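A quick note: this is a predicted structure, and the numbers were derived from the prediction, not measured. Quick note on labels: first sequence line is chain A, next is B, and so on, each numbered from 1. Values reported hereafter were calculated over all heavy atoms of this structure, with side chains retained and with hydrogens, waters and symmetry mates removed.
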There are 2 protein chains.
Amino acid sequence: MPSVMPKIFIVDDDDSVRKGLERLLKSLDYRVQSFACAQEFLDQASVKGVCVLILDVRMPKFSGLDLQQEMLRRNMSLPVIFITGHGDIPMSVRAIKSGAIDFLSKPFKEETLINAIEQAVVKSKGLQKEYLKYQAIRNRINVLTERELQVMKWVITGMLNKQIALKLGISEKTIKVHRGRVMQKMEVVSVAELVRLTEKVGIKPSS
Amino acid sequence: MPSVMPKIFIVDDDDSVRKGLERLLKSLDYRVQSFACAQEFLDQASVKGVCVLILDVRMPKFSGLDLQQEMLRRNMSLPVIFITGHGDIPMSVRAIKSGAIDFLSKPFKEETLINAIEQAVVKSKGLQKEYLKYQAIRNRINVLTERELQVMKWVITGMLNKQIALKLGISEKTIKVHRGRVMQKMEVVSVAELVRLTEKVGIKPSS
DNA sequence: AGGTCTATTGGCCTTTAGTCCAATACGGAT
DNA sequence: ATCCGTATTGGACTAAAGGCCAATAGACCT
C-alpha cells in the first residue's frame with residue numbers, strides 16, 4: 001500500500017504562527033494546509049484520509065472551540081490539537097471533553113507538539129479504518145430495496161419467516177425470497193454475520 | 001423502585017476541606033463518605049450502586065491522578081470530579097483524557113461543583129445500568145459448561161452444526177445437543193439474540 | 001408498446017435445526 | 001458402591017430455511 005504522509009491542517013489567525021508551524025511540519029515531511037480562520041477551513045479543507053487539525057483557540061468571530069463543536073455537529077471526526085497563548089483550565093477541560101487530543105499552551109516545546117501529532121495520527125488511522133469498514137457495509141445496504149431493508153430489520157430480531165410474514169401481512173414464501181436476496185446483497189451466509197454487520201452500522205432490529 | 005440517593009466519596013488529605021464538602025453535600029441529601037488518602041479509599045470504600053468520587057489532586061504519596069489510574073487498572077468505573085488548589089492545564093488534560101467528569105480549581109462556586117456532581121450522577125446511572133445488564137448476561141454464561149461455551153463461540157460465527165462438528169471432531173448430533181442447552185441456558189430462542197448477547201459482554205466468535 | 005425493476009406467490013425438493021427418548025461412558029462426590 | 005453431572009451418540013420425527021423454476025402485476029422509463 002502506498003501509505004501517504006498524514007495531512008495536517010492548521011487554523012490560526014496569526015500569520016507568523018502559521019508560517020512557523022508550517023515550516024516545522026513540512027520539514028518533518030507532513031503535508032500541510034493552513035487557514036487563517038475557521039470558516040475558511042470549513043469551506044475549503046478536504047478532510048479525507050489520515051489527517052489532523054492544529055487549532056488556535058482564540059480567534060476573532062469563530063473561536064477554535066466553536067469550530068470543534070461545529071465539526072462534531074457535522075460528524076466530521078478528525079483529531080484536534082489545540083494551541084493557545086492564553087488558555088485556562090475550564091477551557092482545556094471543555095476542549096478535551098469534546099474529544100480533543102491535547103491542549104497546548106504557548107510557548108511549548110516542539111517535542112510536545114510532535115508527540116501530540118503522533119497520537120493524533122494514530123487516532124486518525126483508527127478512525128479511518130473504522131470509516132472504511134462502515135462505508136463498505138453501508139454500500140451494500142444501499143443496494144437493498146425498501147422492502148428488503150424492512151425484511152432485514154425483522155430478520156435480525158431472530159424472528160421466524162412465518163412470524164415476519166404475519167407482521168408484514170404477506171406470505172412466508174415472499175419473506176424467503178426477500179431474505180435470500182438480503183443475504184446475497186449483504187454478502188453473508190448466516191444470520192449471525194448479518195446481525196454483526198447491522199450492529200456495526202447502527203441498524204436496529206424492528207419493533 | 002426505592003431510588004436511593006447517590007453516594008459521594010470524598011478523598012482529600014485536608015481535614016477542613018473534607019468537613020466542608022461533607023456538610024455541603026449532606027445538606028443536599030447525598031450520602032457521603034470521606035477518606036484522608038487514596039489507599040484508605042481503595043481499602044474501605046464499597047463502590048456499589050450510583051456513586052461519585054470527588055478527588056483532590058495533590059496528596060502525599062498517592063496523588064489523585066495516581067488513584068484515577070489505579071481505578072482504571074482495576075476496572076472500577078465510577079465518575080471522578082477533581083478538585084485542586086494548584087492545578088495546571090497539562091494536569092487537567094491528563095485527568096479529563098483519563099475520563100474524569102470535571103477538573104475544578106479552588107476556589108470554585110458551589111454551583112459549579114453541584115453541576116459537576118449532577119453530570120457525574122447521570123453518568124454513574126448509565127454505567128450502573130450497563131453493569132447490571134452485563135452481569136445478567138455473565139451470570140447465564142457462568143452456568144455453561146466448558147464444552148457448551150466452546151460450542152457457543154462457534155455457533156455465533158454462523159457456522160453450520162456440521163462444520164462445527166468437524167472443527168471439534170465430534171458428531172453433528174452432539175453439537176445439536178450442546179447447542180440446544182446453550183440456547184436454554186442463555187435464555188434465547190434465536191442465534192440473532194445470542195449474537196447480540198455475546199457482543200455485549202465481549203465474547204468473540206472462534207477462529 | 002416494450003423493457004426493467006420490484007413485489008408477490010406457488011410448487012417442489014434438499015438441507016438444517018431442533019426435540020424427545022434412550023443409551024453408554026467417565027470422573028468426582030457421598 | 002452409587003448417584004450426579006457431563007459428554008457423547010443414535011433413531012425418529014417435526015419444523016424451518018432456502019434454492020430452482022415459473023408466473024402475475026404494478027411502476028417507471030424509453
Side-chain angles (χ1 to χ4, degrees), chain A residues 137-201 203-207, chain B residues 137-201 203-207:
Chain A
I137 299 172
R138 275 291 168 193
N139 287 339
R140 296 182 223 167
I141 292 179
N142 287 337
V143 303
L144 295 179
T145 66
E146 266 310 296
R147 198 53 150 173
E148 284 161 357
L149 181 60
Q150 198 178 16
V151 169
M152 184 173 79
K153 286 180 180 174
W154 283 107
V155 168
I156 60 178
T157 65
M159 221 171 255
L160 300 180
N161 289 341
K162 191 189 295 184
Q163 301 173 301
I164 301 175
L166 202 64
K167 286 278 180 191
L168 298 184
I170 56 182
S171 88
E172 182 182 346
K173 180 65 218 210
T174 310
I175 300 297
K176 286 189 184 181
V177 174
H178 287 313
R179 187 168 178 157
R181 273 201 249 284
V182 167
M183 301 298 277
Q184 271 186 30
K185 291 185 177 178
M186 296 301 291
E187 295 168 35
V188 295
V189 295
S190 66
V191 178
E193 295 169 78
L194 189 63
V195 170
R196 257 181 250 291
L197 285 198
T198 51
E199 289 274 292
K200 270 199 195 120
V201 296
I203 286 188
K204 301 289 174 201
S206 279
S207 188
Chain B
I137 300 172
R138 273 292 167 191
N139 287 339
R140 298 182 222 167
I141 292 178
N142 287 338
V143 302
L144 296 179
T145 66
E146 266 309 298
R147 199 51 150 173
E148 285 160 357
L149 181 60
Q150 198 177 16
V151 169
M152 183 174 79
K153 286 180 180 173
W154 284 108
V155 168
I156 60 178
T157 65
M159 223 171 254
L160 300 179
N161 289 342
K162 192 190 295 183
Q163 301 172 302
I164 301 175
L166 201 65
K167 286 279 179 191
L168 298 184
I170 57 182
S171 88
E172 181 182 347
K173 180 65 219 218
T174 310
I175 300 297
K176 285 189 184 181
V177 173
H178 287 315
R179 186 167 178 159
R181 274 201 248 285
V182 168
M183 300 298 277
Q184 272 185 32
K185 293 185 177 177
M186 296 301 290
E187 296 168 34
V188 294
V189 295
S190 66
V191 178
E193 295 169 77
L194 189 63
V195 170
R196 258 180 247 293
L197 286 198
T198 51
E199 289 273 293
K200 269 199 196 120
V201 296
I203 287 189
K204 301 290 175 200
S206 281
S207 190

Query raised in the report: Expressed in angstrom and rounded to an integer, what is the separation of B/L168 atom CG from D/dT8 atom C1'?
Result: 13 Å

Requested in this report: Say whether B/R181 and B/Q184, considering side chains only, have a donor N or O and an acceptor N or O under 3.5 Å apart.
Outcome: no

Query raised in the report: Roughly how many Å is it from CG in A/L149 to C1' in C/dA7, rounded to a whole number?
Result: 15 Å

**Report entry** B/K176 NZ to B/K162 NZ distance, which is reported to the nearest 0.5 Å
**Finding:** 10.5 Å

Report task. Could you check which of C/dA7, D/dG18, D/dT9 has an atom nearest any side-chain atom of A/R179? Result -> D/dG18

Report task. Quickly work out the A/K185 NZ to C/dC5 P distance and round it to whole Å. Result -> 11 Å

Query - Value in whole Å for how far the C1' atom of C/dT16 lies from CE of B/M159 - result: 15 Å

Would you list the protein and nucleotides 23-29 of chain D atom pairs, both N or O, that sit under 3.5 Å from each other?
none

**Report entry** Whole-Å gap separating P (D/dC20) and CZ (A/R181)
**Finding:** 12 Å

Query raised in the report: Less than 4.5 Å apart, any side-chain heavy atom of A/M152 and any of A/I203?
Result: yes

Report summary line: For A/V182 and A/E148 the tightest heavy-atom approach is CG2-O, 3.5 Å

Query raised in the report: Within this structure, what is the CD-to-P distance between B/Q184 and C/dG18, rounded to whole angstrom?
Result: 12 Å

Query raised in the report: What pair of heavy atoms forms the shortest contact from A/T157 to B/S190, and how long is it?
Result: O-OG, 3.9 Å

Report task. Answer with base, sugar-phosphate or nothing: what part of the nucleic acid does A/T145 contact at a heavy-atom distance below 4.0 Å? Result -> sugar-phosphate

Requested in this report: Go through D/dG11, D/dC20, C/dA17 for me and flag the one nearest to the A/K173 side chain.
Outcome: D/dC20

Report summary line: When every non-hydrogen atom of B/L197 is compared with those of B/R140, the smallest separation belongs to CD1-NH1, 3.5 Å

Query - Of the listed nucleotides C/dT9, D/dG18, D/dA7, the one nearest the side chain of A/K176 - result: D/dG18

Query raised in the report: Is B/R147 reaching over with its side chain to a backbone N or O of B/H178, donor-acceptor style, under 3.5 angstrom?
Result: no

Query raised in the report: For A/I170 and C/dG10, what is the distance between atoms CD1 and C1' respectively, to the nearest whole Å?
Result: 14 Å

Requested in this report: Verify the neighbour count for atom NZ of A/K185: are there more than 12 heavy atoms of other residues, nucleotides or ligands below 6.0 Å?
Outcome: yes

Short heteroatom pairs, N/O only, protein and nucleotides 14-16 of chain D, under 3.5 Å:
residue, atom, partner, partner atom, Å
D/dA16, OP2, A/K162, NZ, 2.7

Query raised in the report: Quick one: which of C/dT8, C/dT19, D/dT9 gets closest to the side chain of B/S171?
Result: D/dT9

**Report entry** Check against side chain to side chain contact (heavy atoms under 4.5 Å, CB included), B/W154 and B/I175
**Finding:** CA-CA 10 Å; B/W154 284 108; B/I175 300 297; over 6 Å; no

Query raised in the report: Between A/T174 and C/dA7, is there a side-chain N or O to OP1/OP2 distance below 4.0 Å?
Result: no

Query raised in the report: How close or far is atom P of C/dG10 from atom NE2 of A/H178, stated in whole angstroms?
Result: 13 Å

